[in-house]
Every structure is written in C-alpha cells, then in structure tokens.
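Here the structure comes first, spelled out in structure tokens, and everything after it is commentary.
If you read the sequence from its start, that first residue is 1, and numbering goes on from there. Side-chain atoms are counted along with the backbone in the values below, which use heavy atoms only and exclude waters and symmetry mates.
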Amino acid sequence: MTRHLMTRRAVLLGGAALLGLHFALAAFSQAPATPLKVQHFDKVKGYLNPYFVQNWMLFAPDPLADDRGVLARARCRDGSVTEYHDVTTAYVREAQESRFFPSRMSRLVSAPMQSINATDPLLDRLREKHRDDVAKDGGKDGADKVRLMPEERAAQHNAVRFLARYSLTQMPGACGGDPERVQIRMYVRELPPWSKRNAPAKAGKDTVRVQDFDWLKAGELR
C-alpha cells in the first residue's frame, strides 16, 4: 500500500513538473527580447509549434470582411483546358455545418491566401505614402506601383505553389488523372458592412476581384 502511494505521488509530481515546464516555456516565448531569449528561442519555438504556438488569432483582431476562395483548372496534354474546380466551398460548408467540432481543412486554403497578400505593415505605410505623393504630383498610371521585397515575393511564390499542389489533390479526375499544368484563380467578393447586412442586395453591385496566377507544371508539384 505504501509503495502504491509513493508511486502515485511520484506520478503526480512528475506530471506537475512537466505542466509547470510547459507553462514556463510558453511564458518565455512571450517575454521581452533578451540575450537569453535570442539564444534559446528557436528551441522553445520548436517545442511550441504547431500545437501550442502563442498568438492573437483566437481574438481575430482583423476579421475577414469579404468572401474569398480559390478556383483551379488543369491543362491536358492534348491542349484542352478543364472547367474551373471550386477548391474552397466544400470545406467551408463542412466547417459551418459542424459548429462544435468544425473541420480545419479550409485553413489549408485560407492560410496561403492570406500569405499571398500579406505584406509588412511598415512597407504598406511607405507604399501608401508613395502613392499619395505620386497622386499629388499628377503622376502617370502605374507610377505608384512599388515592387515587392524579396521576402514578400518568396512568400507569395510558395503560397501559390502550395495552392496549386493542393488543388491537384482536389480534382484527381482532371485530364484522366494526368494533367500537364494547373492554374489557380483567387477571387475576393466584397461584402456589405455589418450595419447593412439586411439591406436588399442590388443587382450588379457585387464587387469581385479576380487574380489569375501563372500555369505551373503538374509534374513539379507532386
């Protein structure tokens, strides 16, 4: 009996120690930058990702105000092109139909979509100032365009390749299962403000932005 109690106490103490270590690492990851944090942050981050990462996404500081998604089509080896396949809607509907245990498959599409247009806030302010300066000086159309930084271009390139690779898995029957190339199209439909959510929709008033990306070789995505 005494041995059983000692074993149980050791298990409880071990569990408490592991739990305390977990919370200590989580708190350490959110602590101000110090030489110690810089030295050990990669190891702590490796432990926390991907299940215990600390961020503000839970509170949705910048909630979506539009309907966005991805379409994909394939080019066959005989030169024909398939119709667009809706990559997004099925998983969004599945998540909406299960409020308590929603599927997270839609995040495989939504996360890369955000990466495509994600830019550095400081650079955004500089670009906005540049556009205002060009407008004040009466610049020509296109003069307000500022090229993306190498890191931004790399993030966009990787996101597009991921979406194209994922789209291939969602249309396995395209071109008899052997497509030559795949192209993705990202669309964003602006929604009315929350205050006007019940207002009757006006025909032809929907604003939809469409962005087509380059064709990618299917063989390089597998």
Side-chain angles (χ1 to χ4, degrees), residues 50 57 60 62-99 101-119 124 127 141-142 145-149 151-194 196-222:
M57 295 300 292
D62 188 17
L64 294 178
D66 50 45
D67 174 26
R68 56 180 62 187
V70 169
L71 307 174
R73 62 178 179 174
R75 177 184 294 167
C76 306
R77 299 189 182 278
D78 60 1
S80 61
V81 178
T82 66
E83 297 291 334
Y84 277 104
H85 175 78
D86 189 343
V87 181
T88 310
T89 302
Y91 290 114
V92 171
R93 185 182 298 114
E94 183 179 346
Q96 293 174 344
E97 291 175 352
S98 180
R99 297 297 184 181
F101 302 100
S103 170
R104 298 192 177 187
M105 290 295 293
S106 60
R107 296 187 181 184
L108 292 176
V109 177
S110 61
M113 287 181 62
Q114 293 180 4
S115 297
I116 288 176
N117 293 321
T119 54
D124 285 342
R127 290 185 177 110
D141 293 341
K145 300 289 182 63
V146 179
R147 294 181 179 179
L148 295 176
M149 298 294 290
E151 295 81 4
E152 294 173 315
R153 290 198 300 269
Q156 184 182 96
H157 174 76
N158 291 335
V160 171
R161 287 185 62 84
F162 176 86
L163 288 173
R165 183 182 296 112
Y166 179 73
S167 297
L168 280 176
T169 67
Q170 300 305 298
M171 44 183 190
C175 302
D178 186 28
E180 182 181 20
R181 294 177 182 269
V182 62
Q183 182 188 40
I184 64 170
R185 164 178 289 182
M186 186 173 72
Y187 66 85
V188 179
R189 182 171 67 89
E190 296 182 3
L191 301 176
W194 180 256
K196 299 180 181 180
R197 64 190 183 281
N198 295 323
K202 297 181 180 179
K205 290 297 183 180
D206 280 357
T207 301
V208 180
R209 302 192 306 274
V210 175
Q211 186 175 2
D212 289 331
F213 297 93
D214 294 336
W215 288 93
L216 299 177
K217 293 182 179 180
E220 296 179 356
L221 298 172
R222 292 171 174 166

Going by the side-chain contact (heavy atoms from CB on, under 4.5 Å) test, name the single residue among Met113, Arg68, Arg209 that passes it with Met186. Met113
Please identify each residue that fulfils side chain to side chain contact (heavy atoms under 4.5 Å, CB included) with Ser98, with sequence neighbours left out. Phe101
Shortest non-hydrogen contact from Val70 toward Tyr187: N-CE2, 3.8 Å
Which residues pass the side chain to side chain contact (heavy atoms under 4.5 Å, CB included) test with Arg161, not counting sequence neighbours? His157, Arg165, Leu216, Glu220, Leu221
Could you walk me through whether Ile116 and Phe213 satisfy the side chain to side chain contact (heavy atoms under 4.5 Å, CB included) test, starting with their C-alpha distance in whole Å, then the side-chain angles of each, then the deciding distance to 0.1 Å, before giving a yes or no? CA-CA 11 Å; Ile116 288 176; Phe213 297 93; 3.9 Å; yes
I'd like to check Met171 versus Val182 (side-chain heavy atoms, cut-off strictly below 4.5 Å). Are they in contact? yes
Of all heavy-atom pairs linking Pro179 and Ala218, the shortest is O-CB, 3.4 Å
Taking side chain to side chain contact (heavy atoms under 4.5 Å, CB included) as the test, write out the residues that go with Pro112, two or more places apart. Ala159, Phe162, Leu163
Which atom pair, heavy atoms only, marks the closest approach of Ile184 to Ala164? CG2-CA, 3.8 Å
Report the residues that fulfil side chain to side chain contact (heavy atoms under 4.5 Å, CB included) with Asp214, sequence neighbours left out, ordered by chain and then residue number. none
For residues 83-95, which residue pairs qualify under side-chain hydrogen bond (donor to acceptor under 3.5 Å, both in side chains), counting only residues two or more places apart or in two chains? Arg73-Tyr84, Tyr84-Arg185, Asp86-Thr89, Tyr91-Gln170
